[in-house]
**Q** 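A single structure is presented below for examination.
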Amino acid sequence: MNTTWHSVSTSEVLEAFSVTMDGLNDSNVTSRQERYGLNRLETKPPKSLIVMFFKQFLNPLIYILLVAAIVSVATSHVIDAAVILVILLINAVIGFIQETRAEKAMEALKELAAPQTQVRRSGKLRRLPSGEIVPGDIIIVEAGDRVPADARLLESAGLKVNESTLTGESQPGEKSISPLPADNSLADRRNMLYLGTSVVQGRGVAVVTGTGMGTELGRITSSLESIDSGLTPLQKSINRLGKILVVVMLGVVSVIFTVGIWRGLDTVEMFFLAVAAAVSAIPEGLPAVVTVVLAIGMRLMAQRNAIIRHLVAVETLGSATVICSDKTGTLTMNQMTLRSLYYNGRNVEVTGEGYCPNGEFRFDGHRLEPETDDSLKLLLTAGILASDSTITVGENECSLFGDPTEGAILVAGAKANLLKETLAENNPRLSEIAFSSDLQYMATLNNSPDGHIAYVKGAAEKLIEMSSHVWLRGKKTTVTSDYRQELHQQVSDMATQALRVLALAYADMPRDLTRLTPNDLSGRLTLLGLVGLFDPPRPEATEAIRQATAAGIRVVMITGDHVTTAEAVAREIGLPVGKAVSGRELAAMSDNELQQQIEHITVFARIEPLHKLRLVQALQSRGHVVAMTGDGVNDAPALKAADIGVAMGRSGTDVARESADMVLTDDNFASVVAAVDEGRAIFNRLRNVVYYLLSSNIGELLMLTAAIAVLGQAPLLAVQILWINVMTDTTITIPLGLEPKSGDELNHPPRSPKVGLLYPGLILRVAYTAVLMAAGVFLVFAWAREHMDIDEARTLAFSTMIAFEWFKGFIARSDEKSIFRLGVFTNRWLLIAVGIAIILQLLVVYSPFLQTAFHTAPFEPQYWLIAVGAGLTLFVIEEIRKILFPLAFSKGKWRRS
Ligand code: ATP
């Protein structure tokens, strides 16, 4: 298709795509979707299943076992070789299934976090997943949006786009709409938007000219992966653990060899013992279980409205010590209602809730007739014209498209019969200054019957400062310092009632002015009045703050709103009392002062997004692990710097989402706390699994070394150890990874970020369990080889080890709480898994086929009492320990414990 859309006029482009400013209609869309496909870049081809399967064989243990299999064949132990290979295959299949399922779950989550775009179709504005956009769609982009496709601009209001990804040019230039020479390079096509670039400022309307692989980015890139897949500290620490265990294993193998030679064992036997030691030292199942626990945990978080973009957040969440939260929309509902007005020196109350224009204006207890009140009409007109949002009034329902702050003003206008459509038609907009948190206001230039007029709405103090006049009793009057004082007093009174206070103003502009800039407004405004908007706190916020506080996490409110409003809202939602600091005060503080005071500050108000980065850094320098919420394009640096950057899924910009580690689908503060809760639970599960596997591995090693040294014989054969590690342990660790939350995850302090899965208490617990198990199996074997033949004695030792594993499944559910407190049936999967493990063990002992494979020989049934008794003893010892000394193994588990 034509690639020089920048050289033709806007009407020609619209014509070429057979579309009007109202957008495509549904039937156009369907046929175009068929023709052009989804708006997607073909990223890396999905991982091939075969590659994924064979990847399971790429680990040192497998190499050792393959060598063992070859040696087995060479020394005529063909059956052993076959068993090793079959178990390896089973291990690979289990790993493969778990990995593919985890991969699928993560893919599904990525879909949930997919960006959306504002599109006009059949005259209506909608938000659609960016993938559904087709050539010819009319799209609207605003500051913070990722441009979803290539498009030709039709309207531009101060639009600046960062195109460095495409052109390498990092200074965003302002966009325009007029046609340009056909031979302009990409960087100079100022009337075009390109996929993958991001809007820095302003607002634009454009018609899509190319999607997916038909875009400039599609042409130059064949792979684009935005979600990183590097290893997280947790995965790295697991790899490190694996390496440590390999070293331990090598040490033990050399000891076994030395002892073997000393005791006169033959070489082949020693070789198999060494293989047994190697097998016993390595937790085969660990990497797969970790992947699965993380994937399941991420799904649970997603169910609680927190979508993880970077796996690392799952770990970091558990050690968060501060949550810095935006106020509007996160702690509050962002459903604004205009409650009060101040104009003409008097306070007027506005009744009614929601976006339907039902309600009236009241002064001194009496109803006001808005039609006869010109000052009121002028005030509301300014608010309506200086806004981009729309409300739709239906029979039963009214809806808002756009910003709730503006919505509240539009609704109040509608209550006075001032409708946006009519006003906009009679006062066409010529230019605008888009709202930004730095400016704290928005302004439009309109061609009104009385001339060119700028209408401004914004933060009250800001506009009071910018005004030279006020509108009083139907006249423009120079503002006196007393009246300014009075206005500030009014702002403060409204703010104390937790209202967001905005001022509305206008300024007459020269006829020849067609492009409005902030310089045209400063010191020239006539203030029309104040409006007070109420934004109800989220009902869940209070409880979530209480939970966070109990969990040793500080909550800090950060808002662009007025200090007094912020403090009033903080009181209402039960934020622990602390200091409130404004952006101005913050700017005056040195880094040192900020670090000293930051522990006592709970509210930061009138904050500009760029201040947030300083706050993150100050908190981090005090050793805090910081979660920071954000939605705007300017929040990106703070989100990146925070340990856990949290972006808003609904109201957030694409840029914020892409900088974040986690995205909230409901923009709700309570979901951050829920994610911390889940994050802690995931970590507990992983620690339980690590305890389970390490105590088995170390127990096996100890038992093997002790038996060879003392008895000159191994109680278990390599294939038997392989059976325990692959069959029994995998069966039991999966349900441990599904352990339900205990409910008191939020009653503990956070985990120290320096401590990974292993902490002193856990290592102690592993050692103590391993010693008990090794001693148990050793004693049983020592006794059994005096009373039965060696195969039976080994089978009994093997079954004793297995019985330890069954009981340890229950023990590993918690290091503190007795199973009877947790509830025997709360983890049903574990009961089923242990049932399966028991059946597998009966099969390996009693089925002739498996007897041959695993060199087992059935012992007398009464000897099961010994095996099960040993396992039960460990269980009873642990249960008693949990009752008497529940915190015996808690050292290092949490911060400051
Ligand atoms: P929070 O930081 O709590 O989420 P916020 O993001 O709404 O609050 P900003 O968007 O930075 O805060 O807004 C700062 C101030 O700008 C507000 O207190 C208000 O006075 C003013 N303001 C907010 N929205 C608009 C708007 N659409 N038009 C004009 N002024 C606005």
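Predicted, not measured: the structure shown is a model, and the values here were computed from it. In each ligand, atom 1 is the first atom listed, and ligand 1 is the first ligand listed.
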**Q** Count the heavy atoms belonging to other residues, nucleotides or ligands that lie under 6.0 Å from CZ of Arg346, then report whether that count exceeds 12.
**A**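 Counting other residues, nucleotides and ligands, CZ of Arg346 exceeds 12 neighbours.
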**Q** Between the side chains of Thr328 and Asn334, is a donor N or O closer than 3.5 angstrom to an acceptor N or O?
**A**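 No.
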**Q** If we ignore angles and hydrogens, is there a donor and acceptor under 3.5 Å between the side chains of Tyr506 and Asn446?
**A** no
**Q** Nearest non-hydrogen contact with atom 5 (P) of ligand 1 belongs to which option: Glu406, Glu608, Arg500, His562?
**A**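 Result: the heavy atom closest to atom 5 (P) of ligand 1 is in Arg500.
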**Q** Is there a nitrogen or oxygen of Asp403 sitting under 3.5 Å from a nitrogen or oxygen of ligand 1?
**A** yes
**Q** Show me which atoms of ligand 1 lie under 4.0 Å from any heavy atom of Ala459.
**A**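 Close to Ala459: 20 (O), 21 (C).
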**Q** Tell me yes or no: between the side chains of Gln116 and Asp654, is some donor less than 3.5 Å from an acceptor?
**A**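 Gln116 vs Asp654: no donor-acceptor pair found between side chains.
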**Q** Out of Gly458, Ala434, Ser437, whose heavy atom sits nearest atom 30 (N) of ligand 1?
**A**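 Residue with the shortest heavy-atom distance to the ligand atom: Gly458.
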**Q** Between Arg538 and Asp667, is the closest basic N to carboxylate O distance under 4.0 Å?
**A** no
**Q** Could you identify the single nearest non-hydrogen protein atom to atom 25 (C) of ligand 1 and state the distance to 0.1 Å?
**A**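 Here the closest protein heavy atom is Phe435 CE1, 3.6 Å.
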**Q** Does any N/O atom on Lys457 come nearer than 3.5 Å to any N/O atom on ligand 1?
**A** yes
**Q** Identify the closest protein heavy atom to atom 19 (C) of ligand 1: which residue and atom is it, and at what distance?
**A** Leu502 CD1, 3.8 Å
**Q** Any idea which protein heavy atom is nearest atom 8 (O) of ligand 1, and the distance to it?
**A** Thr328 OG1, 3.0 Å
**Q** Look at Asp666 together with Arg650 and state whether they make a salt bridge at an N to O cut-off of under 4.0 Å.
**A**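 No, Asp666 and Arg650 are not salt-bridged.
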**Q** I need the nearest protein heavy-atom contact for atom 14 (C) of ligand 1: residue, atom name and distance, please.
**A**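 Heavy-atom neighbour on the protein nearest atom 14 (C) of ligand 1: Gly560 O, 3.4 Å.
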**Q** Could you tell me whether Glu658 and Arg146 have a side-chain N and a carboxylate O separated by less than 4.0 Å?
**A**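 Between Arg146 and Glu658 there is a salt bridge, with a charged N closer than 4.0 Å to a carboxylate O.
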**Q** Between ligand 1 and Ile558, can you find any atom pair, the residue atom being a heavy atom, that is separated by under 4.0 Å?
**A** yes
**Q** Would you kindly say whether Arg500 and Thr405 are connected by a side-chain donor-acceptor distance under 3.5 Å?
**A**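 On atom types as modelled, these side chains qualify, holding a pair under 3.5 Å.
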**Q** Would you say ligand 1 has an N or O under 3.5 Å from any N or O of Asp561?
**A**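 Looking only at distances, the answer is yes, because the N/O contact criterion of under 3.5 Å is met.
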**Q** Answer side chain, backbone, both or neither: which part of Thr559 comes under 4.0 Å from ligand 1, heavy atoms only.
**A**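 Both backbone and side chain.
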